[in-house]
Amino acid sequence: MTSETPTRHDQHGLYPEAGTVEDFRRNLATVQERIAAACQRVGRDPASVRLLPVSKTKPQASLRLAYAAGCRLLGENKVQEAFGKWESMQDLADLRWSVIGHLQTNKARLVARFASEFQALDSLRVAEALDRHLQAQGRSLDVFVQVNTSGEASKYGLSPEAVPDFIQQLPVFSALRVRGLMTLALFSAEAERVRRCFILLRELRDRLRQSAPVGIELDALSMGMSGDFEIAIEEGATVVRVGQAIFGARPLPDSYYWPTRPDPDTPQSAAD
């Protein structure tokens, strides 16, 4: 794989706001060009990479512009915000929702109602709660297992060492369709440190494939965001989660959008 691709984290918070359908079309085309270029560098078919536009924190009006520009699946990482958007946008019958942030068990009921995809599965308690509510709804849900590849204590996700046993226990949750693994790389301008997170996830996936239970698919790798998705693609990403490069910069720092693990003495509800 190529090792010269830089991150674009220096552009974080600088993307102009998309305010028209044309803005969205232009931004989507630019991102697709970046995807195609990254694929070309490593001999991949651009069609093997799915772009997930991330609309978290953006108002409904902005989401409707994105829809008009062709987006049919949007990523959100705060469940109640996503649920409210779903409720108010049901006139767009073919718009689907991917929940990409940490989930508490008391909000699994909401995810089971509206989401078509959940990318942050990292506990059996959440798996059980989702499965129970999905069964009651007569629905199923595509899920990705979140892995903490950076080793940062502040991040959610299973340690790489815990993933094999976790995967073995998932077949009992028949409403969950396991599609692959997801990670948040180190947020760093040092491209090689970021790349190591993506390599770790790909190599873990490749090992797990050999012993995955029947019915557990591990084809997908969700990794890479606006500042580093080219590197992720070079290392095998099949889903890239891109927000700011499509919608524009967000008003608050990333710590708001990706809640960190609380201190042991902090109530869990305070972290979401």
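No hydrogens, no waters, no symmetry mates; every other heavy atom, side chains included, goes into these values.
Judged by distance alone, the side chains of Gln119 and Ser222 do bring a donor and an acceptor atom under 3.5 Å apart. For the 3.5 Å distance criterion, the side chains of Glu152 and Asn148 fail to qualify, holding no donor opposite an acceptor. For the 3.5 Å distance criterion, the side chains of Thr20 and Glu22 fail to qualify, holding no donor opposite an acceptor. Remark: the Ser62 side chain and the Glu17 side chain contain no N/O donor-acceptor pair separated by less than 3.5 Å. Between the side chains of Gln60 and Ser88, at least one donor-acceptor pair of N or O atoms lies under 3.5 Å. For the residue pair Ser98 and Glu76, no side-chain donor N or O sits within less than 3.5 Å of a side-chain acceptor on the partner.
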Audit row: Val194, Cys197, side chain to side chain contact (heavy atoms under 4.5 Å, CB included) steps and yes/no = CA-CA 6 Å; Val194 174; Cys197 295; 5.8 Å; no

Steps toward side chain to side chain contact (heavy atoms under 4.5 Å, CB included) verdict (Cys39, Val49) = CA-CA 9 Å; Cys39 286; Val49 179; 3.8 Å; yes

Residue pair Phe118, Phe144: steps toward the ring-ring contact (aromatic ring centres under 6.0 Å, His included) verdict | CA-CA 6 Å; Phe118 174 55; Phe144 290 64; 9.6 Å; no

Run the side chain to side chain contact (heavy atoms under 4.5 Å, CB included) check on Ile246 and Val54 step by step: do they pass?
-> CA-CA 8 Å; Ile246 295 171; Val54 177; over 6 Å; no

Could you walk me through whether Leu130 and Phe173 pass side chain to side chain contact (heavy atoms under 4.5 Å, CB included), step by step?
-> CA-CA 9 Å; Leu130 280 171; Phe173 307 113; over 6 Å; no

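Rounding to the nearest 0.5 Å places CD1 of Ile233 at 8.0 Å from OG of Ser48. Atoms CD and CG, from Glu234 and Asp228 in turn, are 11.0 Å apart once rounded to the nearest 0.5 Å. Rounded to the nearest 0.5 Å, atoms CG (Leu121) and CE (Met182) are 11.0 Å apart. Atoms OG and CG, on Ser150 and Leu186 in that order, are 5.5 Å from each other to the nearest 0.5 Å. The OG1 atom of Thr30 sits 10.0 Å away from the OH atom of Tyr15 when rounded to the nearest 0.5 Å. Going from atom CG of Leu176 over to atom CG of Asp142 covers 10.0 Å, rounded to the nearest 0.5 Å.
With a 6.0 Å cutoff to the six-membered ring centre and a 45° limit on the axis angle, Arg241 does not count as a cation-pi contact of Phe229.
The pair Glu117-Arg50 meets the salt-bridge criterion, since a charged nitrogen lies less than 4.0 angstrom from a carboxylate oxygen. A salt bridge links Arg64 with Asp91: the distance from a Lys NZ or Arg NE/NH1/NH2 to an Asp or Glu carboxylate oxygen falls below 4.0 Å. Between Glu192 and Arg196, none of the side-chain N atoms (NZ, or NE/NH1/NH2) sits under 4.0 Å from a carboxylate O, so this pair counts as no salt bridge. In summary, Glu128 and Arg132 engage in a salt bridge, as defined by a charged side-chain N under 4.0 Å from a carboxylate O. Between Asp219 and Arg209 there is a salt bridge, since a side-chain N of the basic residue sits under 4.0 Å from a carboxylate O of the acidic one. A salt bridge links Arg179 to Glu217: at least one charged side-chain nitrogen sits closer than 4.0 Å to a carboxylate oxygen. Salt bridge present: Arg193 and Glu190 bring a charged side-chain N and a carboxylate O closer than 4.0 Å.
Ser116 places a side-chain N or O within 3.5 Å of a backbone atom of Trp97 that can act as its donor or acceptor partner. Counting only distance, with no hydrogens or angles, the side chain of Gln168 and the backbone of Ser211 share a donor-acceptor pair below 3.5 Å. Of the possible donor and acceptor atoms, one in the side chain of Asp122 sits under 3.5 Å from a partner among the backbone N and O of Gly157. Under a 3.5 Å cut-off, the side chain of Lys56 and the backbone N or O of Ala82 do not form any donor-acceptor pair. Although no hydrogens or angles enter the test, the distance criterion places a donor-acceptor pair under 3.5 Å between the side chain of Lys155 and the main chain of Leu184. Of the possible polar contacts, one joining the Ser226 side chain to the Ala245 backbone as a donor-acceptor pair under 3.5 Å is found. One N or O on the side chain of Lys85 and one on the backbone of Lys58 form a donor-acceptor pair closer than 3.5 Å. Listed for the Asp131 side chain is a donor-acceptor partner under 3.5 Å among the backbone atoms of Ser174. With hydrogens and angles ignored, the 3.5 Å screen pairs no side-chain donor or acceptor of Thr149 with any backbone N or O of Thr183.
In this structure, the ring of Phe247 has its center less than 6.0 angstrom from the ring center of Phe24.
For the salt bridge (Lys or Arg N to Asp or Glu O under 4.0 Å) with Glu235, the qualifying choice from Arg41, Arg202, Arg44 is Arg202, the only one to do so.
Among all heavy-atom pairs drawn from Leu103 and Val126, the shortest one is O-CG2, 3.5 Å. Scanning both residues, Pro171 and Ile216, for their nearest heavy atoms gives CG-CG1, 4.1 Å. Residues Ala212 and Leu218 approach most closely at CB-CD1, 4.0 Å, considering heavy atoms. Listed here is the closest heavy atom pair of Cys71 and Leu95: O-CD1, 4.1 Å. Smallest separation of non-hydrogen atoms from Ala249 and Gln244: CA-OE1, 3.2 Å. Across all non-hydrogen atoms, the minimal contact from Ile100 to Gly75 is CD1-C, 4.4 Å.
Under the side-chain hydrogen bond (donor to acceptor under 3.5 Å, both in side chains) criterion, Arg113 pairs with no residue, sequence neighbours left out.
Between Phe83 and Phe114, the ring-plane angle classifies as perpendicular under the 30° and 60° cut-offs.
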